[in-house]
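In what follows, a structure is listed as structure tokens, so that the remarks can point back to it.
Whatever order the structure lists them in is the order used to number ligands and atoms, beginning at 1. Residue indices begin at 1 and follow the sequence shown.
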Amino acid sequence: MNVIWLDSIDSTNSEALRRLADVPSGTVIAAREQTAGRGQRGNTWFTQPGQNLTFSIVLKFEGVFPVSRAVWLNYLSSLAVAQFLRSFDVSCEIKWPNDVYVGKRKICGILIENQLGGGGLASAVIGIGININQKEFLQLANATSLSLCTSKEYAVEECLQRFLGIFEELLPKVFEDGTGLFDAYSSQLFRKGVSARYYDILREEEFDGVIRGVEPDGRLCIIDAAGKCRYYHFKEVSYIL
Ligand code: BTN
């Protein structure tokens with residue numbers, strides 16, 4: 001993969017989208033500093049300059065890549081991050097749809113932006129922020145970093161190379177039948193089988209439930225107190241931590 005390191009940029013996802021027509025598939029835009037990092041649900045992603053990994057991977061699809069498989073990109077990227085962290089002996093889980101948690105603390109966020117075309121997905125920008133050396137997270141009570149987990153310091157550029165090695169190994173699986181990715185993802189789900197509290201955004205109510213798993217189409221299934229499975233698309237439920 002061809003990595004372009006930038007000292008400072010608003011957002012690596014925004015930069016990847018601006019350069020989309022000009023760069024080949026497999027290009028990685030990485031930044032030492034993001035001045036307007038973007039997160040899920042319109043949130044900002046703020047991290048201390050030089051301390052962490054913030055990068056975006058451009059994938060372009062030849063032939064038809066069905067939209068229904070977009071969710072496989074979630075599986076791929078969160079599994080690659082989980083494997084990366086485990087390579088440092090850090091145990092972690094994937095919080096649906098694609099955050100990575102160590103215990104109750106978030107260590108990584110992923111923002112995937114897909115472009116439609118040719119009857120399916122034409123391309124995708126996979127934006128990944130992994131906290132590496134940062135020790136203090138002001139106003140973010142539940143954040144952690146690799147360094148906080150292991151009490152060591154890391155060379156951020158080497159971390160990116162290690163991550164990309166893992167990502168590249170997993171990448172062919174999104175062009176196979178997806179079962180392998182789905183099974184691996186399902187087995188690493190945060191809070192699976194554990195009773196916990198959730199907020200149902202559409203019904204505007206809190207409830208207790210147990211995550212049963214994820215459907216092949218990416219919906220989360222939570223069994224409520226009545227024993228009924230409630231199915232959620234992204235942004236329809238939130239975890240009460
Ligand atoms: C989340 O809200 O959890 C997703 C955060 C995604 C942050 C990464 S950092 C690199 C890339 N560029 C961005 O602007 N966002 C993503």
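In terms of protein heavy-atom proximity, atom 2 (O) of ligand 1 is closest to Q40 N, 2.6 Å. Residue, atom and distance of the protein heavy atom nearest to atom 15 (N) of ligand 1 are R38 O, 2.6 Å. Summary of contacts: the protein heavy atom closest to atom 5 (C) of ligand 1 is W45 CE3, 3.4 Å.
The shortest N or O to N or O distance between Q34 and ligand 1 is under 3.5 Å.
Geometrically, R212 does not engage Y231 in a cation-pi contact defined by less than 6.0 Å to the ring centre and at most 45° from the axis. By the 6.0 Å and 45° rule, R162 stacks over the aromatic ring of F88. A cation-pi contact, defined as under 6.0 Å to the ring centre and within 45° of the axis, is absent between R230 and Y198.
Distances below 4.0 Å separate heavy atoms of G39 from the following atoms of ligand 1: 1 (C), 2 (O), 4 (C), 5 (C). Atoms of ligand 1 found under 4.0 Å from any heavy atom of S11, numbered from 1 in the order shown, are 12 (N), 13 (C), 14 (O). Applying the 4.0 Å criterion to heavy atoms of G129 picks out, from ligand 1, the atoms 8 (C), 9 (S). The contact set between ligand 1 and G37, taken as ligand atoms under 4.0 Å from a residue heavy atom, comprises 14 (O).
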Requested in this report: Report the C-alpha distance between R19 and E15 in whole Å, list the side-chain angles of each, state the deciding distance to 0.1 Å, and finish with yes or no for salt bridge (Lys or Arg N to Asp or Glu O under 4.0 Å).
Outcome: CA-CA 6 Å; R19 296 188 187 203; E15 182 65 6; 2.6 Å; yes

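Across the listed options D99, D10, T12, T12 owns the non-hydrogen atom lying nearest to atom 10 (C) of ligand 1.
Salt-bridge formation is detected for the pair D10/R18: a Lys NZ or Arg NE/NH1/NH2 atom is positioned less than 4.0 Å from an Asp or Glu carboxylate oxygen. With salt bridges taken as basic N to acidic carboxylate O contacts below 4.0 Å, one links E113 and R38.
At least one heavy atom of K106 sits closer than 4.0 Å to an atom of ligand 1.
Aromatic ring orientation, Y75 versus F182: tilted (interplanar angle from 30° to 60°).
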